[in-house]
*Asks:* 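Have a look at this one.
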Amino acid sequence: MPQASSPRPLLPLAAVIVTSLALAGGCRSASSLSVAAAPAPRTVPAHHVVPLPSSITPSAGPPVTFVAASRIVLAAGDPELDGVARLLAAALTPATGYAWPVVASTSAGAVPGAAPDITLALDAAVPGGRDAYRLDTTATGVRIVAATPEGVFRGTQTLRQLLPPAIHASAVQPGPWRVAPVSVTDAPRYQWRGAMLDVARHFFGPSQVKRYIDLLAFYKFNVLHLHLSDDQGWRIEILSWPRLATWGGSSSVKGDGSGFFTQAEYRDIVAYASARFITVIPEIDMPGHTNAALASYPELNCNDVAPPLYTGIEVGFSSLCVGREVTYRFVDDVVRELAALTPGPYIHIGGDEVKKLTAAEYAGFIERAQEIVARHGKRAIGWDEIAHARLAPTTVVQQWRVGKNGVADAGAAAVSAVAQGARLVMSPASKVYLDMKYTPSTVLGLNWAGYVELRDTYAWDPGALIPGVTDEHVLGVEAPLWTETIVTMSDLEVMVLPRLLAVADLGWTAQASREWNAFTARVAMHGLRWDAMGVSYYRSPQVEWMTVAPTLPRE
Ligand code: ACM
């Protein structure tokens with residue numbers, strides 16, 4: 001039974017609902033064949049929150065049932081919480097059909113007791129950092145309190161997950177909108193909980209990126225890394241080098257589609273993410289993975305000849321001409337414009353898979369690129385190969401070459417990075433590359449790092465993967481989605497779900513509290529949530545997906 005081996009209290013046995021596959025529907029004939037063939041009873045935990053909170057325990061008192069008169073109350077009328085409150089109202093209104101007015105507790109409209117409310121409050125005494133929060137059901141509804149608006153926002157995502165899956169529907173549902181009595185204390189393990197989207201191989205436009213941001217926010221991610229350039233496409237308008245977008249953005253893998261973000265569109269994405277406490281990290285991959293730039297400007301090529309646009313999926317064949325000063329003017333202009341679009345602290349300089357340069361040429365380029373990033377007031381991050389250059393103390397290294405991809409140098413790069421004082425973001429391909437096929441029969445994706453089922457993504461410790469790298473060297477985890485084979489939003493969703501939930505738990509939940517069976521029991525309900533959201537996903541056979549949501553007892 002999953003709960004028995006979980007070190008983190010879920011709910012006591014009495015509160016656990018036991019059902020069976022037959023009762024859940026779909027397996028009735030199979031279970032009636034013989035007693036021996038009957039499926040084992042399935043234990044349904046009484047909450048399904050992902051990522052697992054630090055502590056979530058049942059509390060005394062009746063469930064909270066929201067009604068049409070329920071409101072979102074800002075304790076002390078705190079204007080800093082207005083944005084969080086309005087996002088919560090927007091999330092709850094379509095399915096409930098309720099107005100969810102946002103009111104200040106000091107205003108005349110906020111007399112307690114009329115109906116269960118959601119109260120949002122700031123309290124500097126809440127421990128655990130800027131993402132930490134407490135959530136409690138009370139006699140007057142649900143109260144979420146944190147030291148920062150960010151913490152309150154994370155708490156509102158937990159609240160959404162405590163409501164029935166129908167809450168995510170885009171049209172009014174019957175309800176009831178009930179939350180079991182509960183007390184949650186929560187704070188994350190890591191400060192970097194990221195996802196990367198490759199918009200270069202195939203372009204994903206602003207509305208698609210926002211849809212992905214919604215999903216990331218729901219699972220308490222706080223970093224969206226956008227891979228904005230590669231051999232097959234350049235996806236961000238650079239005013240000082242306009243052909244990067246207009247020509248370099250006109251291709252993609254197999255030539256299906258084209259596109260780039262205007263700077264206005266990009267700023268809008270950054271603002272949308274920021275309202276959800278997600279930092280956008282722009283990546284310009286260099287000096288390799290640069291065919292789209294080389295095709296746009298002949299002077300970036302050592303022979304002054306622009307190559308044709310590229311629509312294949314090979315890697316390692318392109319490089320900026322690192323011996324030319326124009327290359328560094330180009331890098332400086334691009335980084336300057338990107339830095340002006342980026343409120344966050346990081347610019348990603350790529351640095352992976354360069355096969356055309358000597359080690360000295362490569363290191364020299366990375367060192368200059370780092371200096372340029374610093375000159376524009378940002379910190380550099382790069383793929384783990386950059387650890388072979390001299391790193392600035394603030395540079396972050398993104399580990400990707402670990403596991404089955406057979407690169408002996410991978411661990412050495414990480415050890416070199418930490419020896420230089422760099423911190424690591426862990427993205428081992430054989431575990432968290434969400435473009436890897438789940439199994440040999442997965443239609444989409446690649447398999448160069450192996451097949452990556454849900455359990456492969458879940459069952460490892462970012463702080464103990466590489467000998468010589470310990471948890472204090474690790475800033476967090478990030479799950480890349482490369483898009484050589486990923487064309488539509490539905491493709492994207494099928495590859496990230498359910499593995500994104502394993503990454504959410506890796507980034508948020510203390511290692512001692514992570515347990516595979518308890519995790520899959522919680523994931524089991526999220527299929528119903530995605531059905532209600534209209535989001536696609538892979539029905540991994542490693543999860544006993546629920547077909548009906550458990551009902552809470554009436555008060
Ligand atoms: C990478 O997958 N080339 C970072």
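Computed from a predicted model, the values in this text were never measured in an experiment. Starting from 1, each residue takes its place in the sequence as its number.
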*Asks:* Run the salt-bridge test on D214 and K210 with the 4.0 Å N-O cut-off and return the result as yes or no.
*Replies:*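 K210 and D214: not salt-bridged.
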*Asks:* What pair of heavy atoms forms the shortest contact from R514 to Y458, and how long is it?
*Replies:*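 Nearest pair, atom of R514 first, then Y458: NH2-O, 2.6 Å.
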*Asks:* Using a strict threshold of under 4.0 Å (side-chain N to carboxylate O), is an ion pair present between R71 and D117?
*Replies:*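 So D117 pairs with R71 through a salt bridge.
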*Asks:* In chain order, what residues pass the side-chain hydrogen bond (donor to acceptor under 3.5 Å, both in side chains) check against T457, with sequence neighbours excluded?
*Replies:*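 Result, side-chain hydrogen bond (donor to acceptor under 3.5 Å, both in side chains) vs T457: none returned.
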*Asks:* What I want to check is whether the side chains of Y190 and D471 have a donor and an acceptor closer together than 3.5 Å.
*Replies:*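 Indeed, the side chains of Y190 and D471 share at least one donor-acceptor pair under 3.5 Å.
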*Asks:* If we ignore hydrogens and angles and just use 3.5 Å, is the side chain of E283 paired with the main-chain N or O of H225 as donor and acceptor?
*Replies:*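 Side chain of E283 to backbone of H225, a donor-acceptor pair under 3.5 Å: no, none is there.
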*Asks:* Indicate the atoms forming the closest heavy-atom contact of V152 with I144, along with that distance.
*Replies:*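 Taking every non-hydrogen atom into account, O-CG2, 3.9 Å.
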*Asks:* Between Y538 and E453, is there a side-chain donor-acceptor contact under 3.5 Å, judged purely by atom types and distance?
*Replies:*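 A donor-acceptor contact under 3.5 Å links the two side chains.
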*Asks:* Can you tell me how the ring of Y133 sits relative to the ring of W508, calling it parallel under 30°, perpendicular over 60° and tilted otherwise?
*Replies:*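 The rings of Y133 and W508 sit tilted, inter-plane angle from 30° to 60°.
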*Asks:* Hey, are the side chains of N222 and R130 touching, using non-hydrogen atoms and a 4.5 Å cut-off?
*Replies:*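 They are in side-chain contact.
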*Asks:* Ignoring hydrogens and angles, tell me if any N or O in the side chain of D435 forms a donor-acceptor pair with the backbone of L446 under 3.5 Å.
*Replies:*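 No.
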*Asks:* If you measure from the Lys or Arg side-chain nitrogens to the Asp or Glu carboxylate oxygens, is any gap between R499 and D456 under 4.0 Å?
*Replies:*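 No.
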*Asks:* Examine the side chains of S490 and S536 and answer whether a donor and an acceptor come within less than 3.5 Å of each other.
*Replies:*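 Per modelled atom types, S490 and S536 side chains form a pair under 3.5 Å.
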*Asks:* Which pairs would a plain distance check flag for residues 164-177, meaning a side-chain donor or acceptor within less than 3.5 Å of a matching protein atom at least two apart in sequence or in another chain?
*Replies:*
residue	atom	partner	partner atom	Å
H168	NE2	R529	NH1	2.9
Q173	NE2	A171	O	3.0

*Asks:* Any chance CZ of R423 has more than 12 other-residue heavy atoms, nucleotides or ligands included, within less than 6.0 Å?
*Replies:*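 Atom CZ in R423 is packed in, count exceeds 12.
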*Asks:* Any side-chain heavy atom of L216 sitting closer than 4.5 Å to one from V223?
*Replies:*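 The answer is no, as the side chains (C-beta and beyond) never meet within the 4.5 Å cut-off.
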*Asks:* Sequence neighbours excluded, which residues qualify as side chain to side chain contact (heavy atoms under 4.5 Å, CB included) partners of D531?
*Replies:*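 Only L528, Y537 meet the side chain to side chain contact (heavy atoms under 4.5 Å, CB included) criterion with D531.
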*Asks:* If the plane angle is over 60° it's perpendicular, under 30° parallel, otherwise tilted; pick one for H227 and W482.
*Replies:*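 Perpendicular: the ring planes of H227 and W482 meet at over 60°.
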